[in-house]
**Q** 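Just passing along the structure, written as structure tokens.
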Amino acid sequence: MKYGVSYYPEHKTEEERKADLALLKQSGINTVRMGEFAWCRMEPSEGNFSFGWLEEVVEELGEAGIRTILCTPTACPPAWLVEKHPDILYMDNRRIRRPFGGRRHYCYNHETYRAYSVRIAEEMARAFAGNPYVAGVQIDNEPAQEGTGRCCCPVCEEKFRAYLRQEYGSIENFNRRSGSIFWSQEYEDFSQIPLPVNTIETGARNLIDAYYENPTLRLQFERFCSRSQKEYQDLQAKALRRYLQVPVTTNATGLATNSIDYYDSTEGLDRYAFDFYPSLRDAEVDSFPYAFARGVKDGTPFWVLEFMSGGGHRLGGSGRLQPNPGAMKQAVVQSMAHGGEMMLHFQFRTYPFGAEQLNYAIVDMDGIPRRRYREMQETAELLRKLEPLEGAAFPGEAAVCFDYDSHWALRIKPVNDPAFHYVDYCGKLYHYLENIGVTADVVSLKRDWSRYRVVILPAAIIMSPEQQEKVRHYVEQGGTVVATFLTSVKNEDNVGYTQSLPAGLTKVFGSVVEEVEPVFEENHTKLRLCMESYEALCHMEETEDNLLETSDGLWSELLGGVSETLGSYTEGYKEGAKVVSAFSYGRGRAYYVGTDLEPEACRIFLKGVMKEAGVRRSLVEREEGVELVTRRGHEEDYLFLFNFTARETEVKLPAGCRDYLTGKPLGEKCRIARNGILIAGFSNKSAAGGRTGSYGRTV
């Protein structure tokens, strides 16, 4: 695993740089990331390129075994460029220009800025061509972060109109498909179409709160901005590859910034990479972003280019807590267990100046190595021991589908806002699978699902006829789909279907949605997961009846149709109405869950689905807060266990496990220290040479 830090030599005096480089060489890391904010040093005046200062640092670190991720500096255009071309500045949804003095103050669609960006990228690549110490290149820095993902300048407005013209062909077609007759919004020409006034951009402010715009126009603007960011990044990637034969990527912000469809935007990149700042103080590190990262490029290992390092101030001034001893090491290994190929802490040494002064780092401003530095050394040593496990596969039997169109549509026109959030809901279902011992993938609607026994569709509110056909074909060929409420409600134009819901899929699910409503605190309704069906489904003879009593949440859909009833309401006017169903279609099985089941009920339901579909799950007995990740090698399977409970805990393992690090046999019960890691390996071959149930018994 490539492991290291972000470093900023352009900030340092010669004496400070010398001291820093000595510490970096002694740290045991093998990678640094440099250059993303140094355009004014790389090109101090127009056409005057200067990379010697950076080459010296790359060479010195490289000779010590530390390779560099170079960054194009385009997130921060220098003063001379803004002074010469003020029209390149970013304009937000309020039509306010973003002035020089921060970062990301540029329009990614402006041809002049694109030309300058390509030139600095190409010159940097030319300067480092053939350098053996360059391990990769990061383009720009955190695209769309801090309210910079939806520029509304005149350039973007004209390009958006051209985009719509290409998408729809004629204004008559746009009017028809978007339903612009509503509120008398029909257009005579694309030139009349304005940019949206309001925005779903993280951190941005709406200009007019009580202003409701056409949902088709809003969704198309999200797609346009995402594609524009991709165009901008791909121009730099092309320039870099003229001289450098190393992996090229950019550092996304994961699911935190929602203006970029990373499935689409990373097609022209070699890795999906992102920045991640979880709490490391008595808190579980969410693995959903890692599962998503693993699925963006269909299983290609991902990079984390900025990761939490310590406590201190932050941009907002509120500060972050210091990590528990061992928590940083634990989190780095967790990333590796989930498929991470690189993990770089932000940053090596605390800034004494600038907008991010006093920020968290491995080493404090005084340059004296302390606890965090020593833990980084220990982590680097541990990663070397774990190298042989990096190629181990993932089970790949179940997946959660995350879709950007549905995500955007549910932000544009929310359902049960703010209680229901699409990203959180997808993550919750992923974690329910994790809780019952299933290491799941996160995939897109575009991806080939044939390798999976089960695919879960959380609130897939946007679904085109082609996507409906994909679901139908998958189930018909023997797959199992679990769809939740709000499935296939609107088409690709963000316009509601006028046929029964789930549109285009009623025959697949054997169910028809007959009535819907949001579920608030005052209208929860009790329901029962029907025992007769569950005995046949998941052999739960030992389960008490009251464990199958539950209540609805977030949203409620009453179902009709010929499907089997797995769950029905037990009170009020809904008494007896079906809310959870199952149906056999072709060679497969289709489940529809018309509400948000309570956690334990949902886990019970998913256990049954996994059993029927033949998905094996680990039955390592552990308390909540202990994460399990399963990897498969040629001769052994590996269980990575991470204790996030803030105290020592005990787990119960399958028979025949050994401690991977020591090689010693492990007993049935093992204790894991606070912020501790246990890696257990055991044979996955039977006496006849075939694979056994290497997860222990299955249910």
Side-chain angles (χ1 to χ4, degrees), residues 177 263 295 298 396-407 409-410 422 425-426 429 433 440-514 516 533 537 555 557-567 578-595 605-606 608-610 612-615:
R177 287 173 54 184
Y263 299 125
D298 198 13
E397 295 185 324
V400 176
C401 185
F402 178 91
D403 178 61
Y404 274 96
D405 280 346
S406 291
H407 174 35
L410 286 164
Y422 177 77
Y425 188 62
C426 290
L429 292 176
L433 292 176
D441 292 342
V442 177
V443 299
S444 74
L445 272 170
K446 299 176 184 177
R447 181 165 161 181
D448 177 16
W449 294 348
S450 61
R451 76 185 74 173
Y452 299 108
R453 294 178 181 269
V454 178
V455 173
I456 297 178
L457 293 174
I461 194 169
I462 299 288
M463 198 168 274
S464 68
E466 293 77 17
Q467 291 164 340
Q468 293 165 358
E469 172 59 22
K470 178 175 183 174
V471 174
R472 185 198 65 77
H473 180 76
Y474 173 73
V475 178
E476 188 176 58
Q477 296 303 307
T480 294
V481 162
V482 179
T484 78
F485 55 94
L486 297 174
T487 292
S488 197
V489 176
K490 299 194 281 186
N491 66 16
E492 65 271 30
D493 290 312
N494 205 13
V495 170
Y497 282 109
T498 55
Q499 61 199 94
S500 296
L501 304 181
L505 294 170
T506 54
K507 291 183 179 179
V508 175
F509 289 97
S511 289
V512 175
V513 176
E514 296 187 336
V516 305
S533 298
L537 183 64
W555 191 254
E557 295 183 355
L558 306 187
L559 307 177
V562 298
S563 57
E564 304 164 38
T565 298
L566 294 186
K578 178 165 49 181
V579 66
V580 182
S581 69
F583 191 67
S584 294
Y585 181 83
R587 301 203 307 270
R589 193 82 162 148
Y591 297 89
Y592 196 95
V593 185
T595 190
F605 167 74
L606 289 173
V609 172
M610 297 301 129
E612 173 140 318
V615 174

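Here the structure is a predicted model, which is why all the values come from computation and not from measurement.
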**Q** Does either side chain, that of Ser488 or that of Gln468, offer a donor lying less than 3.5 Å from an acceptor on the other one?
**A** yes

**Q** Closest heavy-atom contact between Glu492 and Pro465?
**A** OE1-CD, 3.6 Å

**Q** If you look at every heavy atom in Gly396 and Asp441, which pair is closest and at what distance?
**A** CA-OD2, 3.9 Å

**Q** Please give me the minimum heavy-atom distance between Ser511 and Ser581, naming the atom from each residue.
**A** OG-OG, 2.9 Å

**Q** In terms of relative ring orientation, are Phe402 and Tyr263 parallel, tilted or perpendicular, with 30° and 60° separating the classes?
**A** tilted

**Q** Begin with the C-alpha distance, continue with both residues' side-chain angles, and end with the deciding distance and a verdict on ring-ring contact (aromatic ring centres under 6.0 Å, His included) for Phe583 and Phe509.
**A** CA-CA 6 Å; Phe583 191 67; Phe509 289 97; 9.0 Å; no

**Q** For Glu557 and Val579, which heavy atoms make the closest approach, and how far apart are they?
**A** O-CG2, 3.5 Å

**Q** Within the 3.5 Å criterion, strictly below it, is a donor on Arg589 or Ser584 matched to an acceptor on the partner's side chain?
**A** yes

**Q** Would you mind reporting whether Val513 and Leu558 have side-chain heavy atoms less than 4.5 Å apart?
**A** no

**Q** Checking side chain to side chain contact (heavy atoms under 4.5 Å, CB included) for the pair Val593/Leu566: CA distance, chi angles, key distance, verdict?
**A** CA-CA 9 Å; Val593 185; Leu566 294 186; over 6 Å; no

**Q** Are Arg472 and Tyr474 in a cation-pi setup, meaning NZ or CZ lies under 6.0 angstrom from the ring centre and within 45 degrees of the ring axis?
**A** no

**Q** Testing the 3.5 Å rule here: is there a donor-acceptor pair between the side chains of Asn491 and Tyr497?
**A** no

**Q** Search all heavy atoms of Val455 against all heavy atoms of Cys401 and return the closest pair with its distance.
**A** CG1-CB, 4.4 Å

**Q** Give the minimum heavy-atom separation between Ser500 and Val512, together with the two atoms involved.
**A** CB-CG1, 3.8 Å

**Q** Considering only NZ, NE, NH1 and NH2 on the basic side and carboxylate oxygens on the acidic side, decide whether Asp403 and Lys446 come within less than 4.0 Å.
**A** no

**Q** Going by heavy atoms in the side chains, are Tyr452 and Thr480 under 4.5 Å from each other?
**A** no

**Q** Between Tyr592 and Pro502, is there a side-chain heavy-atom distance shorter than 4.5 Å?
**A** yes

